[in-house]
**Q** 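Below is one structure. I have some questions about it.
Bear in mind that the values here come from a model prediction, so they are computed numbers and not experimental data.
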Protein chains: 2
Amino acid sequence: MIELEHVHRVFKVGDQEVHALNDVSLRIEGGEYVAIMGPSGSGKSTLLNILGLLDRPTTGSYRLDGENVTTLSDQAQANTRRDKIGFVFQFFHLVPRLTAAENIELPLMLAGVQPSERKHRVQQILEAVGLADRAHHKPDQLSGGQRQRVAIARATIMQPTVILADEPTGNLDRASGDEVIEVLENLNREKITLIIVTHDPEIGGRTLREIYMVDGKIERDETRRGR
Amino acid sequence: MIELEHVHRVFKVGDQEVHALNDVSLRIEGGEYVAIMGPSGSGKSTLLNILGLLDRPTTGSYRLDGENVTTLSDQAQANTRRDKIGFVFQFFHLVPRLTAAENIELPLMLAGVQPSERKHRVQQILEAVGLADRAHHKPDQLSGGQRQRVAIARATIMQPTVILADEPTGNLDRASGDEVIEVLENLNREKITLIIVTHDPEIGGRTLREIYMVDGKIERDETRRGR
Ligand SMILES: Nc1ncnc2c1ncn2[C@@H]1O[C@H](COP(=O)(O)OP(=O)(O)OP(=O)(O)O)[C@@H](O)[C@H]1O
Ligand SMILES: Nc1ncnc2c1ncn2[C@@H]1O[C@H](COP(=O)(O)OP(=O)(O)OP(=O)(O)O)[C@@H](O)[C@H]1O
Ligand SMILES: [Mg+2]
Ligand SMILES: [Mg+2]
C-alpha cells in the first residue's frame with residue numbers, strides 16, 4: 001500500500017545542503033499501526049510530509065496503492081491527498097477565521113456531504129475528543145492541547161485510508177493524550193492505516209511496529225510479535 | 001517576588017464566558033524552581049501569560065518584586081517584561097524572516113549589547129542547545145524541536161530574573177529535552193526563578209515545587225522536602 005524506494009530529500013540553505021532523508025526505503029501494508037520515532041531533527045516530519053504528498057522526494061520513488069505518486073502533477077497529488085490521506089500537523093495549521101466546529105467541518109463540505117449529516121458527524125467527533133463545549137471558539141480562543149485535538153478531529157472525520165499524525169499528543173496531558181490515541185486506534189481497528197510520529201515511548205509501545213530514525217536514515221524497523 | 005492575589009481571568013466568546021482562571025492566589029520567591037501541571041485547558045498558559053505580563057487579570061492583583069504590575073500602563077508593562085522576564089512560548093513565536101542565530105540575538109540587540117559580545121553569546125547558547133550547525137536556518141527550515149530550542153535560547157540569553165517556559169520539551173525526544181532542561185536548571189542554579197508548564201511528569205518530578213491546576217483553579221501546591 002505504501003512503498004518508498006531509495007528516497008532522498010535534500011534541502012538547500014544558502015550553499016549548504018541538508019540531507020534530511022538519506023536513502024529511505026520502506027513498505028507499509030494497508031491497516032498497519034506504525035510509530036516513527038527518533039531524535040529531534042532526524043527526519044520524521046520530512047518523511048511524513050512525503051508520505052502525505054505535501055512534499056516530493058529529491059530522488060527515489062513513492063508508490064501509494066500501486067500508483068507511482070512521485071510523478072503526478074501537483075493537482076493530481078492534491079486530489080489523491082484529499083481523497084486518501086488525513087494529516088495531523090505538528091503545528092496544526094487550523095484556519096484562524098473559523099471556529100473549532102467549522103475547521104472540523106471543512107473536509108466534509110469539500111466532499112459535498114449534506115449539511116444535516118455534517119452537523120451530526122462534527123458533533124460526534126467533538127464529543128469524542130472532549131471539545132463539545134468549545135465548538136464555537138476560534139483557534140486563538142483555545143488552549144494548545146485543544147487546538148491539537150481540533151486538528152486531530154479534522155484529519156480523521158473523513159475516515160481516510162491513511163492517517164498520518166505528527167506528534168499528536170505533544171501538547172496533551174496523559175488523559176487527553178489517551179483519549180486522542182483511542183480515537184486514532186478505533187479508526188485503525190476499521191482497517192485505516194495509522195502512522196504516528198511520536199517522542200512518547202508509551203505511544204511507541206502501543207503500536208505493532210516501530211521505525212526508528214537517526215540523521216535521515218531508518219536505523220531500526222521492528223515488528224513486535226505476539227500481541 | 002511573584003505574588004498573585006485572587007486573580008480571575010474571564011474570556012468572552014460571543015455571549016458565553018470562559019472562566020480560565022478562577023480565584024488564583026500564589027506566591028513564588030526569587031530563585032524557586034516550580035512546575036505547573038494539569039489537564040489540557042486547565043488554565044496553565046493563561047496563568048503563565050499573566051505572570052509574563054502578556055495578559056492582565058480581569059480582577060485580582062499581581063505584585064512582581066514588590067511592585068503592583070497590574071496597574072502599569074502597557075508601555076511600562078512592556079519595559080518590565082523586557083527587563084525581567086524570559087518567555088518560552090508554547091508555540092515559539094519566532095520571527096519568520098530571521099535565522100535561528102538572528103532570532104536568538106534579538107534580545108541582545110534590543111539591550112544594546114556590543115556586536116562582538118553578541119556573536120560570542122549567541123554561539124555559546126547555540127552549542128548548549130545543540131544547534132550550532134543550524135545557525136543560518138530560518139524557522140521554516142528547522143524541525144519542530146529545533147524551533148523549540150531556538151525559542152528557549154532566545155528566552156534565556158539575557159539571563160532574565162524570571163524564566164517562564166510553556167511546555168518547553170513538548171516537541172523534543174528525551175535526549176534533546178534533557179539538554180534543554182539542563183540549560184534551564186543551570187540558570188536556576190544562578191538564582192534565576194524558573195517556572196515550567198509541563199505535561200511531562202518526569203520534568204515535574206525534578207522541580208522542588210509542583211502546582212497542579214484543574215478548571216482554572218489551583219488544586220494542589222506542594223513543596224517537596226529533603227532534596
Ligand atoms: N482568548 C480566549 N478566549 C476564550 N477562551 C480562551 C481563550 N484562551 C484560552 N481560553 C480557554 O481558557 C481555558 C484555559 O486555556 P489555557 O490555554 O490556559 O489552557 P492550558 O492549561 O494551557 O491547556 P493546554 O495544556 O492544552 O495548553 C481553555 O479552556 C481555553 O478554551
Ligand atoms: N525547509 C528546510 N530547509 C532546510 N532544512 C530543513 C528544512 N526542513 C527541515 N530541515 C532540516 O531537516 C532535518 C529534518 O527535519 P524534520 O523536520 O524532518 O525533523 P524531525 O525528526 O521532525 O524533528 P522534530 O522531532 O524536532 O520535529 C532537520 O535537521 C532540519 O533542520
Ligand atoms: Mg517534526
Ligand atoms: Mg497551554
Side-chain angles (χ1 to χ4, degrees), chain A residues 11-16 18 20 37-46 48-49 89-92 99-100 129-131 133-149 166-167 169-177 179-180 197-202 204 212-214 216, chain B residues 11-16 18 20 37-46 48-49 89-92 99-100 129-131 133-149 166-167 169-177 179-180 197-202 204 212-214 216:
Chain A
F11 293 109
K12 293 191 71 57
V13 181
D15 44 350
Q16 195 199 347
V18 178
M37 305 188 68
S40 173
S42 54
K44 305 179 299 297
S45 293
T46 304
L48 220 66
N49 288 340
F89 294 91
Q90 191 166 3
F91 301 109
F92 324 146
T99 64
V129 296
L131 288 180
D133 60 354
R134 290 289 179 271
H136 307 301
H137 286 228
K138 297 206 173 74
D140 65 355
Q141 296 171 321
L142 293 172
S143 78
Q146 290 167 345
R147 287 177 214 166
Q148 190 153 37
R149 285 179 272 161
D166 200 344
E167 318 253 8
T169 63
N171 287 285
L172 300 176
D173 55 289
R174 183 53 65 195
S176 317
E179 233 170 36
V180 150
V197 166
T198 184
H199 285 304
D200 187 345
E202 243 179 81
Y212 193 86
M213 297 187 65
V214 178
Chain B
F11 294 108
K12 292 192 72 58
V13 181
D15 43 353
Q16 196 199 348
V18 178
M37 305 188 69
S40 173
S42 54
K44 307 179 297 297
S45 293
T46 305
L48 219 66
N49 288 340
F89 294 91
Q90 193 166 3
F91 300 110
F92 325 145
T99 65
V129 296
L131 288 178
D133 60 353
R134 291 288 179 272
H136 307 301
H137 286 229
K138 296 205 175 72
D140 67 354
Q141 297 170 322
L142 293 171
S143 79
Q146 290 167 344
R147 286 177 214 166
Q148 190 152 37
R149 285 180 269 161
D166 200 345
E167 319 254 8
T169 64
N171 287 287
L172 299 176
D173 55 289
R174 183 54 65 194
S176 317
E179 233 170 36
V180 148
V197 166
T198 184
H199 284 303
D200 187 343
E202 245 181 77
Y212 193 85
M213 298 187 64
V214 178

**Q** Identify, with sequence neighbours excluded, every residue that meets side chain to side chain donor-acceptor pair (under 3.5 Å) alongside Ser176(A).
**A** Asp173(A)

**Q** So what's closer than 4.5 Å to chain B heavy atoms on Phe92(A): side chain, backbone, both or neither?
**A** side chain

**Q** Can you confirm whether Val13(B) sits close enough to Arg134(A) that some side-chain heavy atom of one is under 4.5 Å from a side-chain heavy atom of the other?
**A** no

**Q** Chain B heavy atoms under 4.5 Å from Gln146(A): which part of the residue, side chain, backbone, both or neither?
**A** both

**Q** Checking Asp200(A) now: which residues fulfil salt bridge (Lys or Arg N to Asp or Glu O under 4.0 Å) with it, not counting sequence neighbours?
**A** Arg174(A)

**Q** Quick check on Phe91(A) against chain B: is it the side chain, the backbone, both or neither that has a heavy atom closer than 4.5 Å?
**A** side chain

**Q** Quick one: does Val18(B)'s side chain get under 4.5 Å of His137(A)'s, heavy atoms only?
**A** yes

**Q** If you round to the nearest 0.5 Å, how far is CD of Gln141(B) from CD of Gln16(A)?
**A** 9.5 Å

**Q** Based on non-hydrogen pairs under 4.5 Å, which of Ser40(B), Gly145(B), Ser42(B) is most in contact with chain A?
**A** Ser40(B)

**Q** Checking heavy atoms, do the side chain of Gln148(A), its backbone, both or neither come under 4.5 Å from chain B?
**A** neither

**Q** At a heavy-atom separation under 4.5 Å, does Ser143(A) approach chain B through its side chain, its backbone, both, or neither?
**A** side chain

**Q** Say whether, by atom type as modelled, one donor and one acceptor occur between the side chain of His199(B) and the main chain of Asn171(A) under 3.5 angstrom.
**A** yes

